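Down below is the structure, laid out as structure tokens.
One-based numbering along the sequence shown. Values in this document were obtained by computation on a predicted structure and should not be read as measured data.
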Amino acid sequence: MNKLSCEVVRDLLPLYYDEVCSANTKDAVEAHLATCEACKAALHKLHQSSSLPFEVMEKNRQASTGLASFKAYWRRSKTASFVKGLVLATAVSGAIYLGYVGLFQWNINEVPASVIKVTKVSRLHDGRIAYHVNMTDGYRVDQVNYTLEDDGDFYMTPVRPLIKSKKFAEISLGNINNFVDLDQLNANRKNPEITIKAIYYGPKDNATLLWKEGMELPPASEEVEAHYAN
């Protein structure tokens, strides 16, 4: 390469300093620098302007580290907030669901005896005891609890949720022809030493007697027999 002028060398110094020029250009620039103090001084100045003091570099490093730490903390905070929000939302949803079940579906209230009307109690030809039950308040019943006391008294107690409903009440357990199979009840009792001696429908404190040991029940009508015919 021909001998370079100072003007050309000054233009090439940044490329030379960053080591991105060709080998021929590098040789030409170094040959010029060997004989030109002005261009050598320009290269030295370029070096100084490109080199930051240690204190500045350390501050920049600390600032960078701090920024990275803040970003990591921010990500962790967002993740933690998301998890907390998810847990809270799940808890609230669970509470709402449990509240709904507790109020509308959890059958814990005994139906009072004052609204229970038991009629048409009779004995079928096969020994089963038939009866009709109706809740005079018009509310639905979906569950009846069965309890056998130690004295042999067997209770059938209708229960409802806290918030009652009249929807489909006419086809629920609150308005139904039903029967009791005494032999089956005795066969399925948990304590074989206790024999059923009486059957009641309603809450224990004021239940309606359907049958007790020694009681003669009227025979079922043909209509009732036909209703329960196999």
Side-chain angles (χ1 to χ4, degrees), residues 58-119 129 131-182 184-194 196 198-210:
E58 182 63 17
K59 287 182 180 179
N60 290 343
R61 185 190 67 79
Q62 291 178 0
S64 177
T65 302
L67 181 59
S69 300
F70 176 76
K71 288 181 178 179
Y73 171 77
W74 177 253
R75 286 194 296 269
R76 290 195 301 269
S77 298
K78 290 205 303 184
T79 302
S81 298
F82 173 78
V83 173
K84 290 179 181 178
L86 182 62
V87 171
L88 180 60
T90 302
V92 171
S93 299
I96 293 174
Y97 174 75
L98 291 176
Y100 171 80
V101 171
L103 292 174
F104 294 92
Q105 296 186 3
W106 191 14
N107 296 295
I108 58 175
N109 277 357
E110 293 183 351
V111 178
S114 59
V115 303
I116 299 175
K117 184 178 180 181
V118 179
T119 59
I129 300 170
Y131 64 95
H132 179 269
V133 63
N134 173 251
M135 306 299 152
T136 59
D137 60 359
Y139 287 102
R140 189 176 74 216
V141 172
D142 293 325
Q143 180 177 326
V144 177
N145 293 337
Y146 302 97
T147 307
L148 177 59
E149 300 293 328
D150 293 339
D151 59 2
D153 289 344
F154 183 78
Y155 290 90
M156 300 183 292
T157 307
V159 289
R160 290 169 170 160
L162 293 175
I163 297 182
K164 301 175 292 186
S165 172
K166 291 187 176 182
K167 188 176 182 180
F168 305 125
E170 67 279 1
I171 58 173
S172 72
L173 297 178
N175 183 30
I176 189 173
N177 289 300
N178 210 344
F179 68 88
V180 177
D181 190 331
L182 185 58
Q184 186 177 38
L185 289 177
N186 278 316
N188 294 337
R189 64 190 187 277
K190 294 181 179 180
N191 188 346
E193 297 180 358
I194 302 177
I196 296 176
I199 300 174
Y200 294 89
Y201 193 99
K204 295 179 184 178
D205 58 350
N206 193 17
T208 299
L209 176 66
L210 269 67

So CG of Asn134 and CD1 of Ile176: to nearest 0.5 Å the spacing works out to 11.5 Å

Here the gap from Ile163 atom CD1 to Asn109 atom CG, rounded to the nearest 0.5 Å, amounts to 11.0 Å

| Is there side-chain contact between Leu182 and Phe154, with heavy atoms separated by less than 4.5 Å? | no

Distance col, row Arg140:CZ vs Leu173:CG, nearest 0.5 angstrom, shows 10.0 Å

For Thr136 and Ser114, the nearest pair of non-hydrogen atoms, with its separation, is OG1-O, 4.2 Å

CG (Leu148) and CG (Leu185) are apart, to the nearest 0.5 Å, by 9.0 Å

One should read off an interatomic distance between Glu193 CD and Asp150 CG, to the nearest 0.5 angstrom, of 10.5 Å

Next on the checklist: Would Val118 and Leu210 count as a side chain to side chain contact (heavy atoms under 4.5 Å, CB included) here? Give the steps.
Outcome noted: CA-CA 8 Å; Val118 179; Leu210 269 67; 4.1 Å; yes

Sequence neighbours excluded, the answer for side chain to side chain contact (heavy atoms under 4.5 Å, CB included) partners of Pro203 is Glu110, Ala113, Ile116, Asp205

Contacts of Glu149 meeting salt bridge (charged side-chain N to carboxylate O under 4.0 Å, His left out) (sequence neighbours excluded), chain-then-number -> Lys204

On a heavy-atom basis, the closest approach of Ala169 and Gly138 is CB-O, 3.2 Å

Smallest heavy-atom separation, Val141 atom then Val159 atom, equals CG1-O, 4.0 Å

As a quick check of understanding, evaluate side chain to side chain contact (heavy atoms under 4.5 Å, CB included) for Val144 and Tyr201, giving each step before the final call. CA-CA 10 Å; Val144 177; Tyr201 193 99; 4.0 Å; yes

Residue pairs meeting side-chain hydrogen bond (donor to acceptor under 3.5 Å, both in side chains), one or both in residues 152-163, sequence neighbours left out, come to Asp137-Arg160

### Met156 vs Val180 side-chain heavy atoms within contact, under 4.5 Å
yes

- Ignoring hydrogens and geometry, is there a side-chain-to-backbone donor-acceptor pair from Asn186 to Ile196 under 3.5 Å? yes

Nearest heavy-atom contact between Glu170 and Asn175 is O-ND2, 3.2 Å

Between the CG atom in Asp181 and the CG atom in Asn188, the distance rounded to the nearest 0.5 Å is 9.0 Å

